[in-house]
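Read the numbers this way: they start at 1 and go in the same order the structure lists the ligands and their atoms.
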Amino acid sequence: MKSDYGFFDPQNREYVIIDPMTPEAWINYLDGNGKLNAFISNGAGGTAWYSQPHTGRLTRYRLNGLPMDSPGFYLYIKDGSEIWNPSFFPSMQTLDSWECRHGMGYTRFKAVRNGVSADLKYFIPLNDEVLIWDLTLHNQSSSVKELNIYPYIDYSLHDFDKDTLYFLVCGNQAKYWNDKDGRGLMSDYFAFESQFMGKTIFSASERFEKFDMDRNRFIGRGRTEANPIGLKHGLNNSEVTDGGFYACGTFELPVKLEPGKSRRIIIKLAISEEFPEAIRISGKYNSFDEVNKASDQIDDWWKNTLDNCQVSTPDENMDVMLNAWLPKNIRSTMRNGRSISHRHPGNSTSLRFRDTMQDFMPGTSLYPDDVRALIPVLMGSITQSGRIVTSIDPVSLKCPTPEHTRSDAIVWGVFTIYKYLAETGDMEILEEVIPYYDKGEGSVLEHLVRGMCFVGENTGSHGLPHIFDCDWNDMLQVFSNAESGGESVMLAEQFIYAAKLLTEILNQVGKTENIPFLEQKSRDFTEVLSSKICWDGSWFKRLLYPDTELGSHNNQEGQIFLNSQSWAAIAGTLPSKMVCSAMDMVAKKLDTDCGIRLFTPPFTKMIDGVTRFNTNTPGSGENGGLFLHANAWAVIAETMLGNSRQAWKYFSQTLPNNLSARNPEHYGREPYAFASWVYGPDHQAFGHAALTWLTGGAAWTYMVGTEYILGIRPTLRGLLISPCIPPEWEGFTVARQVRGATYQVTVTNFNQVGCGKIILSINNRPVKGNIVPYVSSGETVKISVTIMK
Ligand code: GLC
């Protein structure tokens, strides 16, 4: 688990980076529970935003420009004429020792230079909108140290587009000044078209005399944050007024340390929509007690959250991902959608029906309150006709982007709501009345049914669901639109599985009138899917058009796609001979040791064989790259077929710690955050990771690990136990909380089979079948499971 760059510390749920020169910036999200959010890298690069990164950006992070991964939340220490940073960057002065600990809800740097040690922890309290920098300096030397400390931020206009494109207005949209009562550096945003007008205070637990708010004057012409002129010549006490200046926040804190002595200072960036509240928050965290309390609350909150499911298996890389880092990753996707990271610009809303529903799936057990609050909001993306708009702004509840029809959206709604019901038993949510996106209103359940009917009713000439603009695979937009007449094999398979779950829900609540339609459509789709129309001889095709198709050996490019094979297994109604053959072909034609390709060969041309293919380069992203999100479904498929060895291979090869371990330098990105995709063998960067953190792959991989490999899966009927583990494992244990009760599961695999029939006992009493009935909240149940031959 250790590389030259760092290692996991499972005890403290941290990843410890020991070399600041990681191949790329390795980030962490500092999610609070409120509206303030930030990410920070192991070089203290990063950005903070309020509510939405598109309209509430507080500090800048340059996405394309050099130096990369800057600016951020810097702290300069001036010791004599030398200037250094506990984060190593941006000054890059050699340090005597250094480490960065990314943890659950915080990032902490510990560095020593020339007898001075700095311990600097960044976090956002759960209940207050303030980014805390908790700094302790210690004089390890035998002489007195007279230091000056300078925290630094680069203010952004709240509106990201304006900040990026219309930089001339920078000075006209916000006001910056030093508070005459010594409360800190103030900013007041007042662009009239803004969603909110943020008031920030940047200050410390100690008063300061010297400051700068004119960024260009502080940094100096021709210089960067690595060597600001202001730190050489002294601060200017400049307040930025109207007129096109760029604003920064920095101030000077003199610190005199006798030998062996320490000093703690709290630096705070507080934000509110009103100054009295910003002043209250900022003032509160002058108290070390409050800072300690807030920090302890975060630790307790994460411990309680992660106690929801703790596993102990023979594979430490699986354990560390399931017990801490995937849940952490999922929280970041739930809060930030696909919006903002070191690679995502943050210019879109965080709620997209398809993506967010998938993020919510494991969220139903880990973060049920957030999911409960947001399901009705997301369901408001469904129109009366059952069509779904792609994304919804959580504040305006309107779709901020063109309303493409992504035909698959509703199935994710069914999966998530089923899972929410299974996890919580809160059937009342189904009756909550919410508006349709266009007009009228209906219950959550009615929304679901309409969405499914829309897919079932809108079929094409072969009798499969119309793809409209695209299904799960966005890239298929290049081949499809509402007029193309394309039909999606993957969506037909997903529909069958979703219809089964929805039928279970409808039966449970006694609203059965739509069940015959769902069942009839599932039968119709099954018939077409298992006929020559969709079967290519050894695998399932992917897309049908009136006069052509994709995913067939007749195609020069795009001959075999992963998803239509995996979902054929998950659908559960297709002939097993076909499904087995299809999954064998996945292993033969698509698998690599770093993940499974989305399809092969990648496209260079459009289906006409002439026009140039114009999105991703071959082998990257959705053009035949190793799209790890989709790999999770192949794991499910293999567990359903009982192929425990293959399921394990597919699962473990996509874990970031395993991918990175092969060659951390080449892999590039964080070993603790899930990658959306990795370059495939058709690309010269094969094995290099692209986007990390914001991907549905985190949610699915967590679920696949806990529910299909370890096989502990809440259903409406009870806790289903169905492990499918590597045959050589002796067993494993899981402590899982569902509906307030704790289930302590011990699985024994002494037959070395990994998968198959089980013998189940509950509280030492043998039970038939593989379902553990739910018990009352507060109870603990001991479950032992033996996997038989
Ligand atoms: C990205 C998108 C997601 C899409 C997937 C495949 O992850 O966020 O919506 O389903 O790509 O195209």
Side-chain angles (χ1 to χ4, degrees), residues 53 329-330 332-341 343-361 378 381 388-392 399-413 415-416 467-480 486 488-491 493-494 498 542-543 550-551 558 561-564 566-567 595-599 602-603 613-617 619-634 654 669 673-680 689-701:
N329 199 144
I330 292 160
S332 304
T333 61
M334 280 177 62
R335 284 175 68 83
N336 304 303
R338 304 296 172 268
S339 181
I340 184 156
S341 75
R343 287 279 180 89
H344 295 83
N347 63 342
S348 61
T349 167
S350 56
L351 290 186
R352 290 203 286 199
F353 193 94
R354 172 209 288 159
D355 292 341
T356 310
M357 279 296 183
Q358 289 175 77
D359 301 339
F360 280 5
M361 291 178 77
L378 262 191
S381 322
I388 299 183
V389 299
T390 316
S391 54
I392 192 159
C399 176
T401 52
E403 293 178 18
H404 287 147
T405 304
R406 296 171 181 202
S407 49
D408 62 312
I410 192 63
V411 298
W412 311 109
F415 299 159
T416 298
I467 191 171
F468 290 97
D469 291 303
C470 64
D471 58 16
W472 171 83
N473 193 339
D474 283 336
M475 187 212 69
L476 297 176
Q477 280 177 91
V478 301
F479 304 118
S480 303
S488 166
V489 171
M490 175 184 180
L491 180 54
E493 296 163 343
Q494 291 183 304
R542 178 65 173 84
L543 265 179
L550 267 184
F561 283 69
L562 170 61
N563 288 334
S564 43
S566 317
W567 280 95
I596 312 172
R597 296 164 168 100
L598 203 50
F599 59 83
F603 292 103
F613 185 81
N614 60 3
T615 70
N616 305 3
T617 49
S620 74
E622 293 159 78
N623 190 5
L626 311 179
F627 210 87
L628 302 187
H629 179 161
N631 282 219
W633 303 320
T654 63
R669 299 235 39 91
F674 202 79
S676 173
W677 57 272
V678 171
Y679 288 88
L691 302 171
T692 44
W693 286 99
L694 302 187
T695 160
W700 275 104
T701 302

| task | Please could you name the atoms of ligand 1 that R354 approaches to less than 4.0 Å, counting only its heavy atoms? | result | 3 (C), 4 (C), 9 (O), 10 (O)

| query | Does ligand 1 have an atom under 4.0 Å from some heavy atom of T695? | reply | no

| Backbone or side-chain N or O of W472 under 3.5 Å from ligand 1 N or O | yes

| task | Would you give the length of the straight line joining atom CE of M475 to atom CG of L598, rounded to the nearest 0.5 angstrom? | result | 7.0 Å

| Would you call D355-R406 a salt bridge at under 4.0 Å N-O? | no

| message | For Y679 and W677, take the angle between the two ring planes, folded into 0 to 90°, and tell me which bin it lands in: parallel under 30, tilted 30 to 60, perpendicular over 60. | response | perpendicular

| said: Using a 4.0 Å cutoff against the non-hydrogen atoms of N473, which atoms of ligand 1 qualify? | reply: 12 (O)

| message | I need the atoms of ligand 1 closer than 4.0 Å to a non-hydrogen atom of R352, numbered in the order shown. | response | 8 (O)

| message | In terms of relative ring orientation, are W412 and W567 parallel, tilted or perpendicular, with 30° and 60° separating the classes? | response | perpendicular

| task | Do me a favour and list the nearest non-hydrogen protein atom to atom 2 (C) of ligand 1 with residue, atom name and distance? | result | D474 OD2, 3.5 Å

| message | Could you check, using the six-membered ring where one of them is a Trp, whether W472 and W633 have ring centers closer than 6.0 angstrom? | response | yes

| note | The closest protein heavy-atom partner of atom 8 (O) of ligand 1 is D355 OD2, 3.0 Å

| query | If you measure from atom 1 (C) of ligand 1 to every heavy atom of W412, F353, F627, which option wins on shortest distance? | reply | F627

| query | So is there a nitrogen or oxygen of E622 less than 3.5 Å from a nitrogen or oxygen in ligand 1? | reply | yes

| task | Give a yes or no on whether the backbone of F603 and the side-chain of N623 come within a donor-acceptor separation of less than 3.5 Å. | result | yes

| request: State plainly whether the residues D359 and R335 are in salt-bridge range, i.e. N to O under 4.0 Å. | output: no

